[in-house]
Amino acid sequence: MEKSLAWWKKAIVYQIYPLSFMDSNHDGIGDIQGIISKLDYIKDLGVDVIWLSPVYQSPMDDNGYDISDYLKINPMFGSLEDLLKLIDEVHQRDMKLMMDLVINHTSDEHPWFIQSKDQDSPYKDYYIWRDQPSDIGSVFGGPAWTYDAQRKAYYFHLFSKRQPDLNWHHEPLRKEIYQMVNTWLDYGIDGFRLDVIDLIGKDIDQKRLADGPLLETHLKELYDTCFKGRDIITVGEMPGLSIERASALTDEHNGYLNMIFQFSHISLDEIPGQGKWALKDLDLVELKKVFGKAQSIFSKRGWNSLFLANHDQPRVVSRYGSEALRYESATMFATMIYGQQGTPYIYQGEEIGMTGVTYDIEDYQDIETKNIYHILKEKGQTESEIMTSIHKKSRDNSRTPFQWNNKPYAGFSTVKPWLKVNPNYKEINVENELNLEKSVLDYYKKLIKLRKTYDVFHDGAYHCLNDQDQEIYAYIRKNQHQTLLIITSFSNQETIFNLKHIIFKETLLNNQDYLIKEDNMICPPYFAGIFLIGDDAYAND
Ligand code: GLC
Ligand code: CA
């Protein structure tokens with residue numbers, strides 16, 4: 001089906017985690033002025049849209065995903081004036097700014113929650129209160145209910161106990177939220193990333209949490225009241241939603257959001273049903289199956305977002321690739337994901353191949369990591385088992401300060417940052433990348449440029465050539481003008497890809513040299529390449 005190519009379908013989005021991007025006032029914490037000072041760097045990469053993780057007023061129990069005032073900026077990040085300046089500076093560079101919208105819950109310091117503890121307050125129904133708790137657990141471990149002595153009842157929180165869930169059944173609450181959303185849009189921001197938005201339709205008594213019975217009703221109301229008629233970009237974070245539902249909710253004609261972060265491909269390195277800390281190796285055949293399904297479903301309806309990393313996910317190189325072959329594996333993963341159909345999201349530092357960390361437990365700051373350490377201890381796991389999981393999966397892996405240069409604290413700050421800098425900053429940093437002949441950064445720029453040169457990346461059909469191969473992931477993208485072949489090797493050994501009757505026309509991009517012997521391509525470890533090929537062999541897709 002022919003689809004219109006709205007600007008956000010062709011856009012490259014770059015996520016900034018403000019705590020860790022750039023500190024301008026020497027307090028060890030990233031801030032808005034710091035971001036402004038680095039906008040040229042982001043623009044130079046080829047980015048069109050910046051997604052800014054929360055900078056609102058917050059006690060920072062969950063690093064800003066616990067908001068105590070939606071319309072105020074947290075002084076640690078700057079002022080509202082700074083933010084308006086940021087919007088302006090972003091627009092001057094012909095980019096757009098997308099804010100994070102966290103409306104499933106607030107902070108326990110939000111005045112609504114404080115007043116909600118009073119039975120007689122007009123805010124009494126803004127949160128979810130029950131006389132008795134149920135057995136629902138929190139995402140960060142432990143029960144999802146906490147007793148409040150003032151109200152003499154339990155309140156519901158799917159995340160930390162300092163993040164009470166809002167009661168979306170209550171109309172006055174919804175109206176206040178919509179008003180706040182419109183206020184931000186009227187300030188001139190260009191869209192939202194909606195935090196765990198699949199949870200707002202929940203029915204806790206029926207234990208239907210993600211994709212709950214009222215999800216579509218609420219999304220429609222939000223869309224009609226705030227988004228409709230505005231030329232913005234919206235992406236809903238929906239960890240509990242199927243690919244099929246994600247495609248329906250992003251339908252071009254009667255959907256409510258432009259696209260969704262769907263997580264089927266993200267959970268493949270965990271033992272099914274046992275949660276993110278139960279580790280398992282990534283199986284390439286499974287990964288292809290999940291991506292293939294998404295590519296096929298979204299080609300018919302809705303729109304996909306392409307991501308491997310964010311502030312909740314560990315660094316890709318350390319998670320699935322090889323730190324020893326950092327350049328190779330970082331560029332291979334970028335090629336594999338951004339060659340597909342959808343809107344690419346780059347998480348800060350991915351473009352320079354930043355890696356994860358293996359700190360002692362005292363050096364972690366993330367609430368989820370701290371909680372799970374104690375929970376796994378209580379369950380009887382050994383220290384070394386626990387730390388293996390934490391090193392692999394902790395959210396702090398991706399939250400360490402951005403590595404700008406080899407000066408102390410990686411040029412992120414002049415004082416000790418809020419979270420320890422990755423000790424490899426002297427080797428891995430933007431300045432070094434700019435001086436290297438072959439760098440992850442340079443490859444990202446070329447890849448982004450290529451996506452902007454060939455529309456086939458946006459509208460081409462997807463066809464995987466080797467579903468069952470355990471080492472190489474090769475797929476075709478084809479429209480009426482071009483046929484692309486994308487070859488990526490997940491192996492740390494040399495591998496062979498059989499070219500059969502493929503006719504090469506041109507190499508558009510490759511991360512390393514390769515050899516062709518008869519009809520075989522000899523691929524070095526973590527090889528990635530994008531080729532223009534003849535379309536005869538794949539005439540009918
Ligand atoms: C989302 C955010 C995550 C946060 C959680 C609760 O998943 O990305 O960082 O902890 O929601 O707000
Ligand atoms: Ca600062």
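Atoms within a ligand are numbered from 1 in the order they appear, just like the ligands themselves. Computed from heavy atoms alone, side chains included, the values below leave out hydrogens, waters and symmetry copies. Along the sequence shown, residues are numbered consecutively beginning with 1. Note that the coordinates shown come from a computational prediction; the quantities given were computed from them, not determined experimentally.
- The only option from R395, K370, R162 that meets the salt bridge (charged side-chain N to carboxylate O under 4.0 Å, His left out) definition with D62 turns out to be R395.
- For ligand 1 and R395, the ligand atoms under 4.0 Å from any heavy atom of the residue are 3 (C), 4 (C), 9 (O), 10 (O).
- Every atom of ligand 1 with a heavy atom of F140 under 4.0 Å away is listed here by number and element: 10 (O).
- The closest approach between a heavy atom of R193 and any atom of ligand 1 is below 4.0 Å.
- Applying the side chain to side chain contact (heavy atoms under 4.5 Å, CB included) test between Y127 and each of R151, H110, Q115 identifies H110 as the sole match.
- Between D269 and K392 there is no salt bridge, since none of the side-chain N atoms of the basic residue sits less than 4.0 Å from a carboxylate O of the acidic one.
- Taking the Ca ion (ligand 2) as reference, D23 places its N/O/S atom OD1 nearest.
- Taking the ring centroids of F261 and F307, they lie under the 6.0 Å cut-off.
- The atom name of the N/O/S atom in D27 closest to the Ca ion (ligand 2) is OD1.
- The protein heavy-atom contact nearest to atom 11 (O) of ligand 1 is D195 OD1, 2.9 Å.
- The protein atom (non-hydrogen) at minimum distance from atom 8 (O) of ligand 1 is D312 OD2, 2.4 Å.
- Distances from the Ca ion (ligand 2) to the N/O/S atoms of D31 are shortest for OD2.
- Salt-bridge check for D108 with K161: failed, with every basic side-chain N at 4.0 Å or more from each acidic carboxylate O.
- Look at H157 and you'll find every heavy atom at least 4.0 Å from all atoms of ligand 1.
- A donor-acceptor contact closer than 3.5 angstrom is absent between the side chains of Q365 and R399.
- Those atoms of ligand 1 with a heavy atom of H105 less than 4.0 angstrom away are 6 (C), 12 (O).
- Ion pair E81/K85 not flagged as a salt bridge, since none of the NZ, NE, NH1 or NH2 atoms sits closer than 4.0 Å to an Asp/Glu carboxylate oxygen.
- Of all protein heavy atoms, the one lying nearest to atom 10 (O) of ligand 1 is D62 OD2, 2.5 Å.
- With 3.0 Å as the limit, I29 counts as an N, O or S neighbour of the Ca ion (ligand 2).
- Electrostatic pairing of D251 and R301 counts as a salt bridge here, judged by a charged N lying under 4.0 Å from a carboxylate O.
- At a cut-off of 3.0 Å, S413 is not counted among the residues with an N, O or S atom near the Ca ion (ligand 2).
- Protein heavy atom nearest atom 7 (O) of ligand 1, with residue, atom name and distance: E237 OE2, 2.9 Å.
- Heavy-atom proximity to V196, at under 4.0 Å, picks out these atoms of ligand 1: 1 (C), 7 (O), 11 (O).
- Residue contact check: R399 has heavy atoms under 4.0 Å from atoms 9 (O) of ligand 1.
- A donor-acceptor pair shorter than 3.5 Å can be found between the side chains of E323 and S318.
- Between Y17 and W418, the ring planes are tilted. Angles from 30° to 60° get that label.
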